[in-house]
2 protein chains.
Amino acid sequence: MSDLLERLRGRGWRMTAQRRVVAEVLDGDHVHLTADEVHARAVTRLPEISRATVYNTLGEMVTLGEVIEVATDGRAKRYDPNAHRPHQHLVCGRCGAIRDVHPAGDPLADLPDTERFGFTISNVEVTYRGICPNCATTA
Amino acid sequence: MSDLLERLRGRGWRMTAQRRVVAEVLDGDHVHLTADEVHARAVTRLPEISRATVYNTLGEMVTLGEVIEVATDGRAKRYDPNAHRPHQHLVCGRCGAIRDVHPAGDPLADLPDTERFGFTISNVEVTYRGICPNCATTA
DNA sequence: TCCTACGATAGACATTGTCTAAGTCAAGTG
DNA sequence: CACTTGACTTAGACAATGTCTATCGTAGGA
């Protein structure tokens, strides 16, 4: 079931009920929850889990590279467990829906040396913005 | 001097000391200030300007399309007056420095129809992340 | 089973942004 | 130039998100 949980265990993580619940809540494709959404769902399974623990746990998962932090709207950060397949995001400007997408080409290759200003570039984040089909019809 | 101010006046904006100061603070290339940084600089020129006015004014400039809102770090939004030349951003993960860059190619063209899920896509945001030369040496 | 270091907790605090009610003023009108 | 009016500004309360601290609990090895 939870690949995420397996990978974390393999890294010597001390396994607690709280961490298990957070990992379970995050598991799946096209999951992009905010920290508070993760907390809300975790509470239904483990009522006494605290906000701080959710924030800590998510932060550790990000540090370990098992979860990606996405800032699509300048509001709350979202957490994406799909960290091992490179992908970009498509965001609906009206309802905020997010899809994982896989563009062709390599955006890194598109940035010539003269435009790198001596930076050592480690990754590229691409966010496509538009209106989803659902919002387009109910406009 | 302030092209930004000229364009705003041309759109029927009521010109006030506060708006003038905000526009002046934002003027220039490679300017990517947070709202509170804008406020801090505005206060040195117009001590009684309020935070709410700075937020309002920046929001209006964004609505008018004269300034772009950039969320490079999930913290405070940054405001980029260089709205009329399409460009992307290069961000230092250590010190937070931001440069405007102009990649070759069109990222929109890289997203095949099968990956658009019926969305009507209006724009693409690309953020290159890395370490700037300054931080690389003082590591 | 016992220990202990690592993890969890509640809640204060910090940062960023939004809203409201009341006062002020830019700019058109006469 | 003085008047008027509605748009603009203000202070400060409030809201949303995230961080920190001191204390308590417990996973997992000895």
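In what follows, every chain begins at residue 1, and chains take the letters A, B, ... in the order their sequences are listed. Bear in mind that the values here come from a model prediction, so they are computed numbers and not experimental data.
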Notebook entry, point to check: Is there a side-chain contact between N82(A) and D100(A), using heavy atoms and a 4.5 Å cut-off?
Noted result: yes

Check: Just how far, in rounded Å, is C1' of dT20(C) from CZ of R51(B)?
Finding: 15 Å

Checklist line | Residues that R99(B) engages under salt bridge (charged side-chain N to carboxylate O under 4.0 Å, His left out), provided they are two or more places apart | finding: none

Notebook entry, point to check: Taking everything shown except R41(A) itself, do over 12 heavy atoms lie less than 6.0 Å from its CZ?
Noted result: no

Margin query: So does A52(A) get a backbone contact from the side chain of H39(A), meaning a donor-acceptor N/O pair under 3.5 Å?
Written below: no

Checklist line | Rounded distance in Å - CD (Q18(B)) to C1' (dA7(D)) | finding: 12 Å

Next item on the list: Look at the side chain of N56(B) and decide which nucleotide, out of dT10(D), dT17(D), dT16(C), has an atom nearest to it.
Entry: dT10(D)

Next item on the list: Residues of residues 33-43 of chain A with any non-hydrogen atom less than 4.0 angstrom from an atom of DNA chain C: list those, numerically ordered, please.
Entry: none

Notebook entry, point to check: Atom CZ of R20(B) and atom P of dT9(D): how far apart are they, to the nearest Å?
Noted result: 11 Å

Check: How are the rings of H87(A) and H89(A) set relative to one another: parallel (under 30°), tilted (30 to 60°) or perpendicular (over 60°)?
Finding: perpendicular

Item checked: DNA chain D: 5'-proximal contact among A52(A) and R19(B) (nearest heavy atom) -> R19(B)

Note to self: Would you say that S122(B) contacts Y128(A) through its side chain, given a criterion of any heavy-atom pair below 4.5 Å between the two side chains?
What the structure shows: no

Checklist line | Check against salt bridge (Lys or Arg N to Asp or Glu O under 4.0 Å), E69(A) and R78(A) | finding: CA-CA 6 Å; E69(A) 217 172 48; R78(A) 292 178 176 275; over 6 Å; no

Note to self: Using whole Å, what does the distance between atom P of nucleotide dG25(D) and atom CD1 of I49(A) come to?
What the structure shows: 17 Å

Next item on the list: Send over the distance from L58(B) CG to dC8(D) P, rounded to a whole Å.
Entry: 15 Å

Notebook entry, point to check: Within the pair R75(B) and dT16(C), is there a side-chain N or O less than 4.0 Å away from OP1 or OP2?
Noted result: yes

Note to self: Among dT9(C), dA16(D), dT16(C), which nucleotide has an atom closest to any side-chain atom of A76(B)?
What the structure shows: dT16(C)

Check: Tell me: OH of Y55(B) to C1' of dA11(D), nearest whole Å?
Finding: 15 Å

For nucleotides 25-30 of chain C, give me every protein contact, N/O to N/O, under 3.5 Å, one pair per line with atom names.
residue, atom, partner, partner atom, Å
dC25(C), O2, R14(B), NH2, 2.9
dA26(C), O4', R14(B), NE, 3.3
dA26(C), O3', M15(B), O, 3.3
dA27(C), OP1, M15(B), N, 3.1

Checklist line | Atom pair distance, as rounded to whole Å: CZ in R78(B) and C1' in dT15(C) | finding: 13 Å

Next item on the list: State, yes or no, whether a side-chain contact exists between V38(A) and Y55(A) at a heavy-atom distance under 4.5 Å.
Entry: no

Checklist line | Any side-chain heavy-atom pair of I49(B) and V22(B) under 4.5 Å | finding: yes

Next item on the list: Rounded to the nearest angstrom, tell me the gap between atom CG in L8(B) and atom C1' in dC8(D).
Entry: 15 Å

Notebook entry, point to check: Are OP1 or OP2 of dT10(D) and a side-chain N or O of T53(B) less than 4.0 angstrom apart?
Noted result: yes

